[in-house]
Amino acid sequence: SLSGFRLALGGTDTPTVDEQHRLREGLATAAFDARASVMLEAMRRRCAVRDVQATFLLLVHAPYHGDTLVGALQVGDGAIGIFSEDDSCHVLGRADHGVNPGETHFLTDAGIHEQFRQRVHFAFFKKKLRGLALMSDGVSDDFSPETKRLLELFNGNPIQELKTGKGNPVWGVMHKVKGIVKFPQDGKALLDW
């Protein structure tokens, strides 16, 4: 639904209401399509929908007037983190947490599709971005609460509670050594992490 879509570079700092509406619709349509595919897979396998339920994280990233536009849609737990050049980390979207551990919403929940448009969040960044992360709760749980601790995934100094199999510190995937950012090379830093 966003194939070939380009943001018009008008005179404003943010895309027009029509462009934001189209982006919101594009993200919601992708969630509708993903939901339909999961439901179809349950039918194909002749299994209960609960056997194929999944959370859903979607992110778009686009330049705009030398700035950066990021849009996200999230159903369920996990986290979307945006790491900017000033060494700050922003959480975009909101994780669904239930009353008990392990409770969340799923893409296949009844009525969830009616919330897709309201679940879209946009952010504009004047600073350059150094990294974007979409992660399941299996990763984000180690950085809870995300608004305070997700920064450690990117530049942990070291991440105090986590140790390698050999007991060494686990550094963030873009940590600094002597003030120089160690950017991941072909994903090697993430694999090492």
Side chains of E25 and R117, heavy atoms from C-beta outward: is any pair under 4.5 Å? yes
Pairwise side-chain contact, S140 with D77, heavy-atom cut-off 4.5 Å (strictly under): no
For the pair E41 and R44, find out whether any cationic side-chain nitrogen is under 4.0 Å from an anionic carboxylate oxygen. yes
Do V70 and I80 make a side-chain contact, defined as non-hydrogen atoms from C-beta onward lying under 4.5 Å apart? no
For V52 versus C47, what's the shortest heavy-atom pair and its separation? CG1-SG, 3.9 Å
Do M135 and L150 have side-chain heavy atoms sitting under 4.5 Å apart? yes
Decide, yes or no, whether a salt bridge links R130 with D87 under the criterion of side-chain N to carboxylate O below 4.0 Å. yes
Any donor-acceptor pair under 3.5 Å linking the side chain of Q74 with the backbone of G76? yes
Going by the rule ring-ring contact (aromatic ring centres under 6.0 Å, His included), which residues pair with F83 if we only count those two or more places apart in sequence or in a different chain? F154
Nearest heavy atoms of L107 and A31, plus distance in Å: CD1-O, 4.0 Å
Gap between atom CG of L69 and atom CG of L23 - 0.5 Å precision: 6.0 Å
Hydrophobic clustering (ILVMFWY, side-chain heavy atoms < 4.5 Å, transitive) - are L57 and L129 grouped together? yes
If we only count heavy atoms from C-beta on, is the D96 to R119 side-chain gap below 4.5 Å? yes
Report the residues that fulfil salt bridge (charged side-chain N to carboxylate O under 4.0 Å, His left out) with D18, sequence neighbours left out, ordered by chain and then residue number. none
Find out if a path of hydrophobic residues (ILVMFWY) with successive side-chain heavy-atom gaps under 4.5 Å connects L27 to V38. yes
Rounded to the nearest 0.5 Å, how far apart are OG1 of T108 and CZ of R35? 6.5 Å
All pairs passing ring pair (Phe, Tyr, Trp, His ring centres under 6.0 Å) where residues 121-141 contributes a residue, at least two apart: H90-F125
Can you name the nearest heavy-atom pair linking G71 to L92, along with the distance? C-CD2, 4.2 Å
State whether the number of non-hydrogen atoms from other residues, nucleotides or ligands found under 6.0 Å of H61 atom NE2 is greater than 12. yes
Within the 4.5 Å heavy-atom criterion, are T55 and D137 side-chain neighbours or not? no
Results of salt bridge (charged side-chain N to carboxylate O under 4.0 Å, His left out) for R46 - residues two or more places apart only: none
Please answer whether the main-chain N or O of G138 pairs with a side-chain N or O of D141 as donor and acceptor at a distance below 3.5 Å. no
Here the salt bridge (charged side-chain N to carboxylate O under 4.0 Å, His left out) pairs for residues 56-70, sequence neighbours left out, are D67-K126
Calculate, to the nearest 0.5 Å, the distance between atoms CG and CZ belonging to L73 and F56 respectively. 6.0 Å
Do you know which two heavy atoms are closest between L58 and A30, and how far apart they sit? CD2-CB, 3.6 Å
Atom pair CG (L59) and CG (L134), whose distance is rounded to the nearest 0.5 Å: 5.0 Å
With a 4.5 Å limit on heavy-atom distance, are the side chains of F116 and T29 in contact? no
Does the pair V75 and D109 meet the rule for a side-chain contact (heavy atoms from CB on, under 4.5 Å), with working shown? CA-CA 10 Å; V75 176; D109 285 355; over 6 Å; no
Pairs involving residues 50-61, ordered by first then second residue, that meet salt bridge (charged side-chain N to carboxylate O under 4.0 Å, His left out) (sequence neighbours left out): none
